[in-house]
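Before any comments, here is the structure.
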Amino acid sequence: MQYKKEEQSKWFWLNKFLPNVSTVFKDKILISIKSRDELKLFVVKEGLYNVLKKVKKSPVYVGFPLLTLKNNEPHFSLILAEKYAKANRKRVVVNAFGEEKFLYKRNLMKKHIVSFSKDIKKGDLVVVVNKRNEALGFGKALFSSNEGLPEGRVVNHIIDRGFFIHH
Amino acid sequence: MFSDFIKSRYKDIFGSKAKLILKEFSKEPKKCIRINTLKINPKECLRRLKLKGFFFSRVPWSRYSYFIEKEPKAVSATVEHLMGYFFIQDASSLLPVIELAPKRTDVVLDMTAAPGGKTTHVAQIMKNEGTIVALEINKNRMDSLLSNLERMGVENTIVLRASALKVKQLGLKFDKILLDAPCTADGTMGKNQRLRISLTNEDYLKYSRKQKELITAANAVLKDKGVLIYSTCSLAPEENEEVVEYAVNTLGMKIKELKTKRYLTPGMTRFFNEKHSSFLKKCGRVLPYQYHTQGFFLAKLIK
């Protein structure tokens, strides 16, 4: 494994998956760690980076993870979901029933949804949050905000915080 | 059920206390949660869990850690756990990090980091500032460490897959070091029933040798006047007092009083019919029956 300091601008393309996600890592140091079949991207504070530069070994993890890139497809981290949930964009709010289902890897139905942000388009990556605005994970929207929620399934499950335990 | 070896060994070491210890080992220790102040206020976390029917009592040596007195469902299955609002750990294992007392500017080494209970606790006290270098050699244990760092929102850690014995090769010096050494874990016989019959004298001797190698490696990368906390979840003097005595007499380290000593049983100065250094009284041991925890040992050393 080898690590590398990354140019921030090289990663602005991530904004097409989550609008303005680059604000999470703006003015911070980005470190990539490459292994055989994937690349992991981390956000690192300056002080931590200064210590890292002195270490005579590549890390497996540093700062906090932003994403894993596999076959050029980004898989955003749950810590990013938490930070991004505060941005109030591409967000679906679920009730207690929806929260329980989602944390057990289930897709979300119309009856689970309390509200959603106005900028969602069908196929978008969305952050699923509970009524306390706590990020539960990521899903894929099966609806567009301007058309409203259809009957039945509205968000496909991608990853949830139960991952920490199941993993 | 304990092997004759364990029964006789405990009687030799602990005398009249042996019965109490082994009786306590016949049941599981009390479950404890450490609330993650990086993410939530302890009062708010407790309020949410109490609404779900949980009851708690405070751990005497930590203002953000609680014994679970009533657990209506598995606390690990709650949303609060998944959100990283708390870490489930034995209350005794909070002590090394409390004694380490890391500052927000320190560079701290955690020599054997997985599954991350102590690393995430250090990050919590450092308020995610400064630097923690966490070492783990085992790949399976590494996964649990990384998962816990992310769950608990830790952002000040560099994780390296490296042997603690080869820490000198990293080229760093540290202000503070946590050496929670691999051990026989005989203080966890309450939970790990297999140990009650499987431990042999060779196990104690093997770990004691390894622990001396590890403390030597730690001493080599500790800054002058730096702090090293040595701990194990073993009650054995070979893995504890003997290692500390080696650090002081052979490596030239100094032993310091523990600020949590009022909760602890002082280290032993006589064991296996041999007299040992009087400074060992400054070490501390948690005997399982004192707080219904696992058995634990710790010492604070200065270079």
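Small disclaimer: the values here were computed from a predicted structure and weren't measured. A note on names: the letters A, B, ... follow the listed sequences, proteins ahead of strands, and every chain is numbered from 1.
At a heavy-atom separation below 4.5 angstrom, chain A is approached by B/L160, B/R161, B/A162, B/Q169, B/L170, B/G171, B/L172 within residues 160-183 of chain B. Of residues 44-57 of chain A, those residues lying under 4.5 Å from chain B by any heavy-atom pair are A/K45, A/G47, A/L48, A/V51, A/L52, A/K54, A/V55, A/K56, A/K57.
Qualifying side-chain hydrogen bond (donor to acceptor under 3.5 Å, both in side chains) partners for A/E134, counting only residues two or more places apart in sequence or in other chains: A/N130, B/R48, B/Y85. Taking the side-chain hydrogen bond (donor to acceptor under 3.5 Å, both in side chains) definition, one finds that B/S62 meets it with B/S65, sequence neighbours left out.
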B/K103 vs B/E129, salt bridge (Lys or Arg N to Asp or Glu O under 4.0 Å): CA-CA, chis, key distance, verdict: CA-CA 9 Å; B/K103 292 192 196 122; B/E129 300 290 334; over 6 Å; no
Step-by-step salt bridge (Lys or Arg N to Asp or Glu O under 4.0 Å) determination, B/E44 to B/R47: CA-CA 5 Å; B/E44 172 60 12; B/R47 190 189 67 79; 3.0 Å; yes
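The ring of A/Y3 has its center no closer than 6.0 angstrom to the ring center of A/F42.
The aromatic rings of A/F17 and A/F76 stand perpendicular to each other, their planes meeting at an angle above 60°, with 30° marking the opposite boundary.
Contact of B/N128 with chain A is made through backbone and side chain together, with heavy-atom distances under 4.5 Å. Of the atoms belonging to A/E82, it is side-chain heavy atoms, and not backbone ones, that fall under 4.5 Å from chain B. Both the backbone and the side chain of B/L149 come within less than 4.5 Å of a heavy atom of chain A.
For CZ of B/R58, the number of neighbouring non-hydrogen atoms (other residues, nucleotides, ligands) closer than 6.0 Å is greater than 12.
Residue A/Y61 forms a side chain to side chain contact (heavy atoms under 4.5 Å, CB included) with just one option from B/T157, B/L146, B/I158, and that option is B/L146.
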